[in-house]
Amino acid sequence: MDQWIPFINEVGFPIVVTLYLLYRIESKLDAVVQSILSLPDQLKGI
């Protein structure tokens, strides 16, 4: 058990940062998907 604590301390921060960035990117990807899905309708109006 004593050998796991330093590993968690070393790896814990990068994991938290990665999860935070993935959460932020996910919302932006949803916006990109919605704009791509609406593109055919916008092109029909041209």
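In what follows, every heavy atom counts, from backbone to side chain, and hydrogens, waters and symmetry copies are set aside. Residue numbers count from 1 along this sequence.
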Sequence-distant partners of [X], side-chain contact (heavy atoms from CB on, under 4.5 Å), two or more places apart:
X	result
Leu22	Thr18
Val33	Leu37
Ile36	Val32

**Request:** Verify side chain to side chain contact (heavy atoms under 4.5 Å, CB included) between Glu26 and Leu29, making sure each step is shown before the conclusion.
**Result:** CA-CA 5 Å; Glu26 180 184 8; Leu29 284 176; 5.7 Å; no
